[in-house]
Amino acid sequence: MQGGEERPSVAEIRGWLSEVPDPEIPVISLTDLGIIRDVVWQGETLVVTVTPTYSGCPATGVINLDIEKALRDRGITDLRLERQLSPPWTTDWITAEGREKLRAYGIAPPIDGTAADGRLAGRIARLSGTSNLTIACPRCGSTQTRKVSQFGSTPCKASYVCNDCLEPFDYFKCI
């Protein structure tokens with residue numbers, strides 16, 4: 001902040017960050033995605049801690065630039081971004097609002113308790129007696145879908161097609 005200006009609250013800054021879209025899925029914000037781990041003032045320096053969706057995520061550099069630009073445009077002059085890899089990001093961190101935004105955009109949101117390979121994981125598979133995962137079409141809601149490829153438009157998504165409406169769609173894999 002410039003001399004004499006009152007610095008914004010952490011809540012206000014989080015609100016600003018909720019307006020920064022993910023560069024790969026612009027309908028969802030960085031806070032919806034759950035990668036903003038912490039926002040804190042350390043003296044006069046604003047420290048924003050970010051956990052990438054995975055350590056090799058190609059969008060990490062763009063995300064950091066977008067965060068920096070959004071905050072500098074709001075008058076934050078003393079800023080430090082920190083990368084936190086542990087605990088690793090998980091799709092469990094995507095907010096309920098973020099999941100609904102994904103669905104409305106045409107991407108099936110992750111189903112908690114599933115593995116990245118599209119199988120029910122652990123206890124859920126034992127309780128249900130199956131390891132196959134049913135992904136509902138985000139467009140028509142049908143569960144008559146099939147996986148076309150384990151890899152979709154980005155490494156974190158798989159390609160599916162709906163057997164009822166015949167529309168292709170991505171499923172955001174659990175990580």
Side-chain angles (χ1 to χ4, degrees), residues 8-40 48-55 57 59-60 62-64 66-67 70-71 74 81 83-128 130-145 147 150-162 164-165 167-175:
S9 69
V10 167
E12 186 175 13
I13 293 165
R14 283 188 176 277
W16 297 341
L17 293 173
S18 73
E19 298 171 4
V20 179
D22 176 71
E24 292 179 338
I25 311 170
V27 70
I28 190 171
S29 75
L30 300 181
T31 57
D32 287 331
L33 195 54
I35 65 171
I36 304 295
R37 301 307 302 149
D38 199 15
V39 177
V40 64
V48 178
T49 304
V50 180
T51 297
T53 54
Y54 66 99
S55 61
C57 178
T60 301
V62 173
I63 288 169
N64 288 343
D66 289 348
I67 291 169
L71 296 177
R74 301 283 184 134
L81 298 179
R83 183 174 176 178
Q84 180 180 327
L85 298 178
S86 182
W89 178 84
T90 170
T91 48
D92 293 342
W93 295 358
I94 300 174
T95 66
E97 182 180 54
R99 290 167 189 264
E100 188 50 42
K101 287 177 182 178
L102 287 171
R103 186 180 341 281
Y105 190 64
I107 298 172
I111 298 173
D112 292 336
T114 62
D117 66 0
R119 297 166 50 91
L120 292 175
R123 184 168 184 259
I124 292 174
R126 287 191 299 278
L127 291 174
S128 69
T130 182
S131 63
N132 294 325
L133 184 61
T134 301
I135 306 295
C137 175
R139 293 181 174 86
C140 73
S142 171
T143 57
Q144 300 301 310
T145 62
K147 182 168 42 175
Q150 179 62 24
F151 301 100
S153 60
T154 62
C156 60
K157 291 180 267 179
S159 289
Y160 276 73
V161 68
C162 179
D164 286 339
C165 72
E167 288 292 323
F169 65 92
D170 278 342
Y171 165 63
F172 201 116
K173 299 182 281 193
C174 283
I175 298 175

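Side chains included, hydrogens not; waters and symmetry mates left out as well; all remaining heavy atoms used. We count residues from 1, following the sequence as given.
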Inset, instruction - Would you check if I135 and F169 make a side-chain contact, meaning some heavy-atom pair closer than 4.5 Å? - result: yes
Legend entry - S142 versus D164, side-chain donor and acceptor atoms under 3.5 Å: yes
Legend entry - D66 to P21 - nearest heavy-atom pair and separation: OD2-O, 4.3 Å
Inset, instruction - Rounded to the nearest 0.5 Å, what's the gap from CZ on R139 to OG1 on T145? Could you check? - result: 12.5 Å
Legend entry - Heavy-atom side-chain contact between F172 and P110 under 4.5 Å: yes
Inset, instruction - Considering only NZ, NE, NH1 and NH2 on the basic side and carboxylate oxygens on the acidic side, decide whether R74 and E19 come within less than 4.0 Å. - result: yes
Inset, instruction - For residues L81 and R83, determine if any side-chain heavy atom of one lies less than 4.5 Å from a side-chain heavy atom of the other. - result: no
Inset, instruction - Hey, could you give me the CD1/CG distance between I36 and L17, rounded to the nearest 0.5 Å? - result: 5.0 Å
Legend entry - Inter-residue atom distance L30.CG - S18.OG, 0.5 Å rounding: 9.5 Å
Legend entry - Test log, rule side-chain contact (heavy atoms from CB on, under 4.5 Å), inputs R14 and D38: CA-CA 9 Å; R14 283 188 176 277; D38 199 15; 4.1 Å; yes
Legend entry - N/O donor-acceptor pair under 3.5 Å between K173 side chain and Q150 backbone: yes
Inset, instruction - Mind listing the closest non-hydrogen atom pair of S153 and D170 along with its distance? - result: OG-OD2, 2.6 Å
Legend entry - Axial cation check for W89 ring with R37, 6.0 Å and 45° limits: no
Legend entry - Nearest heavy atoms of I63 and P23, plus distance in Å: CG1-CD, 3.5 Å
Legend entry - Distance, nearest 0.5 Å, that separates CD1 of I28 from OG1 of T95: 6.0 Å
Inset, instruction - Look up atom CD1 in I35 and atom OG in S29, then write down how far apart they are to the nearest 0.5 Å. - result: 9.0 Å
Legend entry - Spacing of T51 atom OG1 and Q84 atom CD [to the nearest 0.5 Å]: 4.5 Å
Inset, instruction - Pick out which of L71, T49, I13 makes a side chain to side chain contact (heavy atoms under 4.5 Å, CB included) with V39. - result: I13
Legend entry - Set of side chain to side chain donor-acceptor pair (under 3.5 Å) partners for E100, sequence neighbours left out: R103
Inset, instruction - Inspect the surroundings of OH in Y54 and state if more than 12 heavy atoms from other residues, nucleotides or ligands are less than 6.0 Å away. - result: yes
Inset, instruction - Determine the interplanar angle of the Y171 and Y160 rings, folded into 0 to 90°, and report it as parallel if under 30°, tilted if 30 to 60°, perpendicular if over 60°. - result: perpendicular
Inset, instruction - Report yes if some heavy atom in the side chain of I94 is under 4.5 Å from a heavy atom in the side chain of D32; otherwise report no. - result: no
Inset, instruction - Determine the minimum heavy-atom distance between T60 and P52, stating which atoms define it. - result: OG1-CB, 3.7 Å
Inset, instruction - Using a 4.5 Å cut-off on heavy atoms from C-beta on, say whether the side chain of C165 contacts that of C137. - result: yes
Inset, instruction - Would you indicate whether the side-chain heavy atoms of V50 and I67 approach each other to under 4.5 Å? - result: yes
Inset, instruction - Determine whether E167 and C140 make a side-chain contact, defined as any pair of heavy atoms from C-beta on separated by less than 4.5 Å. - result: no
